[in-house]
Amino acid sequence: MSEEERQHTERQRKRDTLRERGLDPYGGRFDGVRAISDVRAQAADLQLEPGTRSDRRLRVAGRIVLLRLMGKLAFLTVRDGTGDLQFGCSKADLGEQWDLLALLDLGDLIGADGVLGRTKTGELTLWADRLTVLAKALRPPPEKWHGLIDVDLRYRRRYVDLFANPEVREVFRRRSGIIQALRECLLGHGYCEVETPVLQPIYGGAAARPFTTHHNTLDIDLFLRISPELYLKRLLVGGMERVFEISRNFRNEGISTRHNPEFTMIELYEAYADYQVMMERVEQLFAAAYAVSAGHMVPARLAALEHEVARLEAKDAPDEAQQSALARSRRQLALYQQAAAGIDRGRLTTVFGEHVLDFTPPWRRARYGELLQEHAGVAMGDSAAVRARAVSLGLETNGKDDAVVINEVFESTVEPRLIQPIFVYDYPAAICPLTRRHPQDERLALRFEAFAATMELGNAYTELNDPAVQEANLRRQVAGEGDETMAVMDEDFVLALEYGMPPAGGLGVGVDRLVMLLTDSASIRDVILFPLQRPRSS
RNA sequence: GGGGGUGUAGCUCAGUCGGCAGAGCAACGGCCUUUUAAGCCGUAGGUCCCGGGUUCGAGUCCCGGCACCCUCGCCA
């Protein structure tokens, strides 16, 4: 029998013993549970002296993460969704329940009733006089100091990752807060939240390979949406003048630290606006999201890093690993100090990787062509120079449209240098089939992309509402070759435009990447609860 | 798809030149009424990712494969 099986069997034995004693090892309804964060807040007001107990009874529940059993006294550290709290259990207080402790293990979910106090070292403690087993854990939790580190296992058993690594749970709590803030921001501007089809007979609104599926009753193939764009614009035709959708999109493409096959966009359309208005919306959305995430994360991480650096500095004879850990923590600390200083000056600063980013509006706005001139040294209109530059960069240019080559040069020369938040606007028209042309220069489209830390965060247009131009663009795209094309003609979409779509601004923001930026997460997998992975065969 | 890295006990990790498979945590037995990753004594636990090869002998070297991570490519 393997060690794993032995521990499993041992815990099953304890579960059975609980049953023999008339206790349900899986608990039941447990009323009046107080959140540990609330208990801690209340304790601050209570002014408990070390070594004393209050007379206020309360009930707390959570998972045992540490267990210190000594003769006739035990301390358990219990974790709920809001924090950790020490339970103190003495043989005198528990009476006949004392024997129950022998049947408890790390990882079990338990509840306790008792009074709040402080030990003589000052640790806040719930002195329990009654314990309730709420769920016997048959599998042991990961190592208590390091937590779960193995990246593969963390994603495959995210439930373990979440309870073993509180900072992971914190990221997802912040993700929830960010989405709520985005929603409230738009509702506050008079937007209506809608839901449009995920299963689409024709896919469009972006250039990507779709996932396909099949509906049995209708006997038709369907596509999981790569974008909600064409449906949301139909709503503009219908008179819904400000709409948004928090849209899970599916793209059958590669997986990387910035790409997951299913990802979340917030996409919005506003009648009578244009892409300049959308820039302001991006700034507003980021400010709202910042307030509930990075605005809290920066001071919290700063405090944690100060503590960590102090701990490492206190070591008398640090080994090599400790020295490099100290150096790493100091670099991090310097970044967070810089971000915190920005916050003190009223700015929306945060740390992402090696950078301190400043999201304070207004963000820099720069023309696509100017940036191309600045970083690639070529003029957008000089296609010979652009192609020469592309060749010198090692890019393949044969058979590609000028606009595609321009964009590839842009992506390899300009995008890697876009660290601070920026709006890049007026894109080459040929790669923007859904965008209105620039009134002064038909080679340009009224489109911008927002970047920060070299990541594309959002994409917006002054929307094209001329059905004849739209149809011509789509036909040209369908006929075209290469990467920047949309392969499918949507005739109903053109029909909708023929009924009259108001001039509008439209915007899509990648929610996952936004969460990455505002929680200092290096991989998109760190902000998606269950990222796609190859299934385990065994 | 290319390049680099990782894979050893349930978890976190050592394993030197090719020579008996190791530690901490977790587990089990014992001691312990103020611990903070509790401590102390003792016990048990291995498909060294998988498959070949070289060798008297392979966790270690070679070849092939698998999984994951990073990176490039791809990717609005």
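Each chain gets a letter, A, B and so on, in the order its sequence line appears, and its residues count up from 1.
The residue A:Trp98 sits apart from the nucleic acid: no heavy atom pair falls under 4.0 Å. Residue contacts shown for A:Thr257 are limited to sugar-phosphate atoms, with no base heavy atom under 4.0 Å away. Nucleic acid contact class of A:Glu449 (heavy atoms, under 4.0 Å, all strands): none. Among the heavy atoms of the strands, none lies under 4.0 Å from A:Arg258. Residue contacts shown for A:Leu153 are limited to sugar-phosphate atoms, with no base heavy atom under 4.0 Å away. Note on A:Lys144: only backbone sugar-phosphate atoms sit closer than 4.0 angstrom, heavy atoms only; bases stay farther off. In this structure, A:Arg157 reaches neither bases nor backbone, as no heavy-atom distance under 4.0 Å exists between it and the strands shown. Residue contacts shown for A:Gly508 are absent, as no nucleic acid heavy atom lies under 4.0 Å away. Contacts of A:Gln7 with the nucleic acid, taken as non-hydrogen atoms under 4.0 Å apart, include base atoms. Across all strands shown, A:Glu143 has heavy atoms under 4.0 Å from base atoms, whether or not it also approaches the sugar-phosphate.
Toward the 5' end of RNA chain B, the nearer of the two residues A:Thr119 and A:Ile255, judged by each one's closest nucleotide, is A:Thr119. Residues A:Leu104 and A:Tyr155 each lie close to RNA chain B; by heavy-atom proximity, the contact nearer the 5' end of the strand is made by A:Leu104.
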For A:Phe75 and A:Leu69: C-alpha separation, side-chain torsions, deciding distance, then whether side chain to side chain contact (heavy atoms under 4.5 Å, CB included) applies.
CA-CA 6 Å; A:Phe75 292 105; A:Leu69 223 165; over 6 Å; no

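No side-chain donor from either of A:Arg118 and A:Gln86 sits under 3.5 Å from a side-chain acceptor of the other. Side-chain polar atoms of A:Thr9 and A:Arg6 form no donor-acceptor pair below 3.5 angstrom. Between A:Asn407 and A:Tyr368, the side chains place a donor N or O and an acceptor N or O closer than 3.5 Å (distance only, hydrogens not considered).
As the counterpart of B:rA67, B:rU6 is assigned, both hydrogen-bonding distances of the Watson-Crick or G-U wobble pattern falling under 3.5 Å. The partner of B:rG42, taking Watson-Crick or G-U wobble pairs whose two distances both stay under 3.5 Å, is B:rC28. Pairing partner, B:rC13: B:rG22, with both Watson-Crick or wobble hydrogen-bond distances short of 3.5 Å. Applying the Watson-Crick and G-U wobble criteria (two distances, each under 3.5 Å), B:rG57 pairs with nothing in any strand.
When rounded to the nearest whole Å, the span between CG of A:Leu457 and C1' of B:rC75 equals 16 Å. If you measure from atom CZ of A:Phe423 to atom P of B:rA76, you get 22 Å, rounded to the nearest angstrom.
We find that A:Lys91 and A:Asp99 are not joined by a salt bridge, their nearest charged nitrogen and carboxylate oxygen being 4.0 Å or further apart.
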